[in-house]
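Heads up: the structure comes next, in structure tokens.
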Amino acid sequence: MNINLVPMPNEIYTDYKLFFRKNILENSIVEYDSKYSAEEYSITIDEKGAKIKCSGKAGENFAYQTLKQLEFSYSGNIPYLTINDKPAFSYRGFMIDCARHFFSVSNLKKMIDCAALFKLNKFHWHLVDDQGWRMEIKKYPLLTEKGSVRAYSNFGRDYDSNPYEGFYTQNQMKDIVEYCRKKSIDVIPEIEIPGHVSACLHAYPNLSCTDKEIPVRTHAGIFRDILCAGKEEVYEFLFNVLEEMSSIFPCEYVHIGGDEAPKDRWEECPHCSKKMESLNLMNYEQLQGYMTNRIYGYLQKKGKKAIAWNESLRGKNLEKGITVQNWREKNDECSIRASEGGKIIVSDFFHYYLDYPLGMTPLKKTYMYEPIPSALAENMKKNIIGVEAPIWTEFINDIDKMSMMSFPRLAAVAETGWTYKKNKDYKGFTHRLSYVIRMIEKTGLKYTDASQWDPGFFKSVVQVIKFAYNMYNKETLKSRKD
Ligand code: ACM
Ligand code: ZN
């Protein structure tokens, strides 16, 4: 069945014999029925228009996105049809890094509109990193007064000598949460613990192992100064920040980071050594596990769940209840976790990182990627709760580039998240997408043209070389591990 919908509904019937000739959005009715699951919906289109059935707002929103796509492609000529639809995975996310570059509320809303179009339901908001702290926390005003400003920007070949700043007020973040809620999208804020925190340490140097003055970073990289795991004041700080975050973000999940945290400072820190000894921990990875577990314990008391990047598994002491986001697992650590009952979100960097050029990750490669490890036992497959595509922004400093890089690959990830594997097919997808993707223009954003979706060998080589060349500059190379 080829009908221009992305993601492809899981059951659809039409014989293309009879057509509805008026605007379908203006001729639809909704009937709530509690037998439907939260995100499930059905639509029948006949001479009366569209009849949607669902159990509540989420199903209604997804049905509405389906009707919007039908109206766009077949306006005045919509075939009578029946759709019975529900998603393959409960977690279907996109992540935007607003720390390396800042994106206005209005631009974020445009990205959210486009993500909603493809029935994504989680906006993972990367709000803090080495190059900027962008979330207002009233108890710690220096986080934004000092931590949201960097002296200049030196990302790859893009050098800008001007100071760079920006942060979201609590009201602005609440506005985004409300905007997303209306589209059945949960906002998951991320606070990085213990690494990627230079901006935080610039504001409050007492939170590091050394108490030394640290700049908000001006270039990409992995930095050695991280939150001290030995000082009790660090935990108090984190609990207070999380407390304020809970008043802004109602989502049950909070992302607590955990990626790329070098242990150099911890190895030389008397506070960290004392903590290790008092807890009988075997190594510094276990200390990270302890820290993550303690934050998780705090969140649990608030009725929340935690997500952490896969490096948090390295100490082998991570609490079972923490959901792990797999961007770059080592030694099948995430597959093993899933086989033992742990929940996993799949964000394999080589397939799902949208900031990589299409030459490196062509659309087909993203689309065909199978998030459930083949070796996982049938009864453990449910532990892969979904997929998420991150957009890191070291090398993306405006919304046009962000949207060009995100679309169409985000639509491919969305189809994997929604459509059962047995109903997926790449050729049909690109055909349907070539119509639907034009809807992005209506939001004022850009997308990459179909001629570039699978660039072929020579164009790919050129793109990859350009991408790699652009990543490095003298500052980055000199201080890969400041
Ligand atoms: C990551 O890309 N460092 C999660
Ligand atoms: Zn320390």
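In each ligand, atom 1 is the first atom listed, and ligand 1 is the first ligand listed.
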Pick from D130, D225, D129: which one makes a salt bridge (Lys or Arg N to Asp or Glu O under 4.0 Å) with R217? D225
As a test of understanding, state which of K119, K86, R92 forms a salt bridge (Lys or Arg N to Asp or Glu O under 4.0 Å) with E39. R92
For atom 3 (N) of ligand 1, which protein heavy atom lies nearest, and how many Å away is it? D259 OD2, 2.7 Å
What's the verdict on ring-ring contact (aromatic ring centres under 6.0 Å, His included) for H124 and W309, showing C-alpha distance, side-chain angles and the deciding distance? CA-CA 12 Å; H124 168 185; W309 296 107; 5.8 Å; yes
Taking only heavy atoms of W309 into account, list the atoms of ligand 1 that are under 4.0 Å away from them. 4 (C)
Criterion side-chain hydrogen bond (donor to acceptor under 3.5 Å, both in side chains) on N10 and N423, from CA distance to verdict: CA-CA 7 Å; N10 282 303; N423 293 333; 3.0 Å; yes
Take N171 and T169 through the side-chain hydrogen bond (donor to acceptor under 3.5 Å, both in side chains) test and state the conclusion after the steps. CA-CA 5 Å; N171 279 342; T169 64; 5.5 Å; no
Check whether any heavy atom of W392 sits under 4.0 Å from an atom of ligand 1. yes
What atoms of ligand 1 come closer than 4.0 angstrom to any heavy atom of E260? 3 (N)
Flag W327 as yes when one of its N or O atoms lies below 3.5 Å from any N or O atom of ligand 1, and as no otherwise. no
Is there a donor-acceptor pair under 3.5 Å between the side chain of Y420 and the backbone N or O of A88? no
If you leave out waters, which protein N, O or S atoms are less than 2.8 Å from the Zn ion (ligand 2)? C209 SG, C228 SG, C269 SG, C272 SG
Identify all side-chain donor-acceptor contacts of residues 136-144 below 3.5 Å with residues at least two apart in sequence or on another chain.
residue: E136; atom: OE1; partner: Q170; partner atom: N; Å: 2.8
residue: Y140; atom: OH; partner: N240; partner atom: ND2; Å: 2.9
residue: T144; atom: OG1; partner: P141; partner atom: O; Å: 3.3

Check the pair R409 / S406 against side-chain hydrogen bond (donor to acceptor under 3.5 Å, both in side chains), numbers first and verdict last. CA-CA 6 Å; R409 277 185 299 193; S406 302; over 6 Å; no
Under a 3.5 Å threshold, yes or no: a donor from one side chain and an acceptor from the other, between Y367 and E415? yes
Which ligand 1 atoms, with their elements, are less than 4.0 angstrom from a heavy-atom of Y353? 1 (C), 2 (O), 4 (C)
